[in-house]
*Asks:* 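Here it is, the structure, as structure tokens.
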Amino acid sequence: MNQVPIVDFSAFARDDASPDDRARTAHELVDAFTNVGFVYLCGHGVDDDLVNESFNWSAKLFALPYETKMRAPHPPDGAYHRGYSGVGKEKVGQVDPTKQKGVSTSRKVPDVKESFEIGNERDTRLPNIWLPEDALPGFRAFMTRFYARMSTLSAQLLTALAAGLRLPDADMLRAAHAQERYQLRLLHYPPVPVSELRAGLKERIAAHTDFGTFTLLFQDSVGGLEVASPTNPAHFLPVPPLPGTLVVNVGDMLQRWTNDRFRSTMHRVRAPPPATHEPALTRARYSIPFFVSADDGTVVKCLPGCEGEGGPKYEPVDSREWINARLRATY
Ligand SMILES: O=C(O)CCC(=O)C(=O)O
Ligand SMILES: [Fe+2]
């Protein structure tokens with residue numbers, strides 16, 4: 001059974017919703033983040049056409065010859081997360097940056113994926129790395145527009161979360177994300193033998209948590225995304241694509257902010273669910289995560305009202321330092 005709840009977000013995506021509708025939606029979100037750490041959002045207000053168009057651009061980008069894609073190469077420093085990374089370049093895994101373990105063993109099984117990373121066009125600290133315009137005319141303009149649309153939705157979600165958590169300052173979370181230094185990521189998992197994915201000889205993306213505040217994810221119709229079960233973390237539940245929805249999941253920073261009230265849940269991408277006439281090769285998978293994280297210099301510490309009985313469990317942490325340490329471990 002699918003246990004990732006569906007929340008209708010239209011009360012925050014529209015201007016004319018009643019306070020009661022907003023309160024109910026905020027409460028449902030907080031419930032989902034508390035119990036599962038994952039939620040499907042419908043009524044999110046991002047146009048289907050815009051989403052389809054973004055997948056079309058992604059397909060066009062990855063269909064370009066490797067040499068062309070390498071005209072926007074991701075820099076060797078994992079924390080400069082911009083541009084194109086070819087298959088096998090990045091290995092996502094669960095590495096705690098404060099402990100030097102895990103990398104060497106998990107790197108033995110390659111992640112079969114390629115990616116293109118896009119930041120905020122206004123971010124002068126980590127400028128975007130684009131292909132020359134003539135290599136894919138219109139790509140940059142579209143992605144900049146899509147980034148802005150996702151930023152707007154992210155702000156609405158931050159407002160909803162502040163309401164659901166009953167924070168004394170309703171704007172506090174939004175204010176910590178004023179610079180919108182987010183990360184738009186196009187992902188392509190090329191076809192691989194199903195048997196190799198099932199045998200664990202290859203992976204699409206290994207089990208990990210996301211690093212930031214939360215992640216918005218669009219996935220195509222292929223399937224394979226799985227989330228650790230809330231009741232038995234060794235067991236993973238499928239998160240199949242549901243038309244018209246996007247998936248939102250809690251990241252490490254929001255888990256720390258909420259003092260573990262919200263769960264930054266492990267997730268991974270495996271082979272699509274078994275089919276009766278199973279092909280030898282999986283279909284290619286495309287997905288588009290949008291990683292929302294706090295402004296540089298934000299000190300993430302227990303939010304008012306989240307202290308619980310035992311008080312804050314975590315030392316305050318600078319959000320950028322945490323994310324950079326985790327990004328460097330993946331490269
Ligand atoms: O491809 C997906 O659906 C998941 C991607 C993901 O978890 C990530 O990039 O952090
Ligand atoms: Fe992820």
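As the structure lists them, so they are numbered: ligands from 1, and atoms in each ligand from 1.
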*Asks:* Classify the contact between Arg285 and ligand 1 as side chain, backbone, both or neither, using a heavy-atom distance cut-off of under 4.0 Å.
*Replies:*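 Under 4.0 Å from ligand 1, Arg285 contributes side-chain atoms alone.
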*Asks:* Would you say ligand 1 has an N or O under 3.5 Å from any N or O of Arg185?
*Replies:*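 Yes; the residue has a nitrogen or oxygen that sits under 3.5 Å from a nitrogen or oxygen of the ligand.
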*Asks:* Hey, what's the ring geometry for Phe218 with His44, parallel, tilted or perpendicular (30° and 60° as the breaks)?
*Replies:*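 Aromatic pair Phe218/His44 classed perpendicular.
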*Asks:* Examine the side chains of Ser221 and Arg283 and answer whether a donor and an acceptor come within less than 3.5 Å of each other.
*Replies:*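 On atom types as modelled, these side chains qualify, holding a pair under 3.5 Å.
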*Asks:* Distance under 4.0 Å to a non-hydrogen atom of Asp210: what atoms of ligand 1 satisfy this?
*Replies:*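 Those qualifying, in numeric order: 10 (O).
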*Asks:* Measure the acute angle between the ring planes of Phe62 and Tyr286, then classify it against the limits of 30° and 60° as parallel, tilted or perpendicular.
*Replies:*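 Phe62 and Tyr286: tilted rings.
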*Asks:* Within the 4.0 Å heavy-atom shell around Ile205, which atoms of ligand 1 are there?
*Replies:*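 Listed by number with element, the hits are 6 (C), 8 (C), 9 (O).
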*Asks:* Does the distance from a Lys or Arg side-chain N to an Asp or Glu carboxylate O, for Arg181 and Asp296, drop under 4.0 Å?
*Replies:*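 Yes, Arg181 and Asp296 are salt-bridged.
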*Asks:* Report the part of Leu217 in contact with ligand 1, treating N, CA, C, O as backbone and CB onward as side chain, heavy atoms under 4.0 Å; options are side chain, backbone, both, neither.
*Replies:*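 Near ligand 1, Leu217 shows its side chain, while the N, CA, C and O stay back.
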*Asks:* What are the protein N, O or S atoms, given as residue plus atom name, that sit under 2.8 Å from the Fe ion (ligand 2)?
*Replies:*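 Counting only protein N, O or S atoms under 2.8 Å from the Fe ion (ligand 2), the list reads His208 NE2, Asp210 OD1, His267 NE2.
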*Asks:* Can a donor-acceptor pair be found between the side chains of Arg261 and Gln255 at a distance below 3.5 Å?
*Replies:*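 No, Gln255 and Arg261 have no side-chain donor paired with an acceptor closer than 3.5 Å.
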*Asks:* With a 6.0 Å cut-off (strictly less than), is the heavy-atom count around CZ of Arg125, excluding the residue itself, greater than 12?
*Replies:*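 For Arg125, atom CZ is crowded (more than 12 foreign heavy atoms under 6.0 Å).
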*Asks:* Using a 6.0 Å cut-off, check whether atom NZ of Lys301 has over 12 heavy atoms from anything other than its own residue.
*Replies:*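 Open: at most 12 neighbouring heavy atoms sit under 6.0 Å from NZ of Lys301.
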*Asks:* Among side-chain atoms of Gln183 and Arg82, is any donor-acceptor pair under 3.5 angstrom?
*Replies:*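 The answer is yes; a qualifying pair exists.
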*Asks:* Under a 4.0 angstrom heavy-atom cut-off, which atoms of ligand 1 come close to Pro289?
*Replies:*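 So the atoms of ligand 1 that pass are 9 (O).
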*Asks:* Under 4.0 Å from a heavy atom of Tyr189: which atoms of ligand 1 are those, numbered in the order shown and with their elements?
*Replies:*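 Once the distances to Tyr189 are compared, the set is 1 (O), 2 (C), 4 (C), 5 (C).
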*Asks:* Do Arg268 and Glu203 sit within salt-bridge range, that is, some charged N less than 4.0 Å from a carboxylate O?
*Replies:*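 Result for this pair is no, no salt bridge flagged.
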